[in-house]
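Keep in mind the model is a prediction, meaning the values are calculated, not measured. A note on names: the letters A, B, ... follow the listed sequences, proteins ahead of strands, and every chain is numbered from 1.
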Amino acid sequence: MPEEDAARPRAHHDLGGVAQYLCEPVDQSAHSLTDFDREVDALRQVLGQKGIMTVDELRRGIEAIPEAEYLRLGYYQRWLRSITAILLEKGVVGEAELAAALAVEQ
Amino acid sequence: MNLSGQENDRLLAALRGLLAAKNLVSTAEIAERIAATDRASPAQGAAMVARAWTDAAFRARLLADGARAAEEFGIMMRGAPPLGVLENVPGLHHLVVCTLCSCYPRAVLGYPPFWYKSVAYRARAVRDPRGVLAEWGTTLPEGTRIRVVDSTADYRWMVLPRRPDGTEGWDEAALAALVREGDMVGVTQPRLP
């Protein structure tokens, strides 16, 4: 229904049937996972098992990434962005301590 | 806090350091989880498919409740979403996609392949499934319907492909060796080498 479409535009992660990509071939090449990818994946699973963060929260955090950045970031980069934002939002990690830890890692 | 400028490895290291210091997530727990996730692979799904081809009772159990059937293979399904299994039959082919992101039966098949997570696959699978299949060299007999099924965070799907002709009398191991990742998503079909 066009009225509803206008009132509530499709979210950018909702890609089913989106015309813009209909002529783009699927890249079938194998991409092996990096250590970074595996660690982010495992971190999310452990946070889930411990009841600190759910998979739905992960999705909400990914879907909240602005479109241009969503398309630019790699798959697990989006995950890490979401995990960090959700942990900050829930107060599991504080902004000041994260900023301090980032300064140390530099 | 603006996260967009943060370099990824640095952000991960900082976060992991904080979570370890708070006794929330240890390095050992991450390592264990990586090892457990790496154990899941398309070979597990292929073994289930081969059993279904040779054992009618198992096939019925697999189609009724994929997660419980996976547990018969020692696959840990506790905490994983339910698993539905879609049987390809003459005249009906299934294709699985996650249009919103990348939901995949990870407990059985392992990490989703890169193409499954791609923008092009997610956009096109529901609009032009035959075109997508053609890119894999998959053509279906004339008159075959395609059902495209959207995997979600709460319900995962895999395809039970058709057993290739010419495999009568083969044992389970030989049959399982024919089954590839894409066959269980529906972009390809098992074929003789």
| request: Please check if B:F114 and A:V40 belong to a single hydrophobic cluster, counting links between Ile, Leu, Val, Met, Phe, Trp and Tyr side chain heavy atoms closer than 4.5 Å. | output: no
Separation between CG (B:N8) and CG (A:L80), nearest 0.5 Å, reads 6.0 Å
**Request:** Treat each ILVMFWY residue as a node, draw an edge where side-chain heavy atoms are under 4.5 Å apart, and state whether B:L178 and B:V89 are in one component.
**Result:** no
*Is there a chain of hydrophobic side chains (I, L, V, M, F, W, Y, each step under 4.5 Å between heavy atoms) that links B:L92 to B:V132?*
no
*Is there a path of hydrophobic side-chain contacts, each under 4.5 Å between heavy atoms of I, L, V, M, F, W or Y residues, that connects A:L15 with B:V187?*
no
If one checks every heavy atom of A:A100 against chain B at 4.5 Å, the contacting part turns out to be neither
Of the listed A:I52, A:D35, A:V46, the one with the largest count of heavy-atom pairs under 4.5 Å with chain B is A:V46
Honestly, the part of B:L19 sitting under 4.5 Å from a heavy atom of chain A is side chain
Over 12 foreign heavy atoms within 6.0 Å of CD, B:E142: no
task = Please lay out, stage by stage, how A:E24 and B:R124 fare under the test salt bridge (charged side-chain N to carboxylate O under 4.0 Å, His left out).
result = CA-CA 9 Å; A:E24 186 174 315; B:R124 291 178 51 212; over 6 Å; no
* **Residue pair A:D14, B:R122: steps toward the salt bridge (charged side-chain N to carboxylate O under 4.0 Å, His left out) verdict** => CA-CA 9 Å; A:D14 185 6; B:R122 288 159 58 193; over 6 Å; no
Heavy-atom donor-acceptor pair, B:E135 side chain to A:P25 backbone, under 3.5 Å: no
Under 4.5 Å to a heavy atom of chain B? For A:Q20 that would be neither
Honestly, the part of A:L33 sitting under 4.5 Å from a heavy atom of chain B is side chain
Partner of A:H13 under side chain to side chain contact (heavy atoms under 4.5 Å, CB included), picked from B:T99, B:L100, B:V119, is B:L100
Show, in sequence, the C-alpha distance, side-chain angles and deciding distance for B:Y111 and A:R38, and conclude whether the side-chain contact (heavy atoms from CB on, under 4.5 Å) test is met.
CA-CA 10 Å; B:Y111 298 100; A:R38 286 190 159 78; 3.7 Å; yes
So CG of B:D9 and CD of A:Q77: to nearest 0.5 Å the spacing works out to 9.0 Å
Applying a strict 4.5 Å limit to non-hydrogen atoms, the region of B:D150 in contact with chain A is neither
Ranking B:L24, B:L18, B:V25 by heavy-atom pairs under 4.5 Å to chain A gives rank one to B:L18
Any sub-3.5 Å donor-acceptor pair from B:R127's side-chain atoms to A:L22's backbone N or O? no
So, the part of B:L12 with a heavy atom under 4.5 Å from chain A: the answer is both
With chain B, the option among A:L71, A:I62, A:D37, A:V92 that has the most non-hydrogen atom pairs under 4.5 Å is A:V92
Turns out that what part of A:L87 lies under 4.5 Å from chain B's heavy atoms comes down to side chain
When the 4.5 angstrom heavy-atom criterion is applied to B:R78 and chain A, the contacting part is neither
Q. Got A:E97 and B:K22 here, is their nearest side-chain heavy-atom distance under 4.5 Å?
A. yes
Within one Ile-Leu-Val-Met-Phe-Trp-Tyr cluster: B:M76 and B:L83, side-chain cutoff 4.5 Å:
no
Exactly one candidate in B:R33, B:E32, B:E29 meets side chain to side chain contact (heavy atoms under 4.5 Å, CB included) with A:Q45; the answer is B:R33
Highest number of heavy-atom pairs under 4.5 Å with chain A among B:V148, B:V126, B:L15 belongs to B:L15
So, the part of B:Y116 with a heavy atom under 4.5 Å from chain A: the answer is neither
Does B:D171, at its CG atom, have more than 12 non-hydrogen atoms belonging to other residues, nucleotides or ligands within less than 6.0 Å? yes
Can you find a heavy atom in the side chain of A:Y75 that is under 4.5 Å from one in the side chain of B:S118?
no
If one checks every heavy atom of A:F36 against chain B at 4.5 Å, the contacting part turns out to be both
Check: After noting the C-alpha distance and the side-chain angles of A:D27 and B:Y121, does the key distance pass the side-chain contact (heavy atoms from CB on, under 4.5 Å) rule?
Finding: CA-CA 8 Å; A:D27 176 3; B:Y121 183 73; over 6 Å; no
Checked B:S102, B:A123, B:A14, B:A120 vs chain A; the most non-hydrogen pairs under 4.5 Å come from B:A123
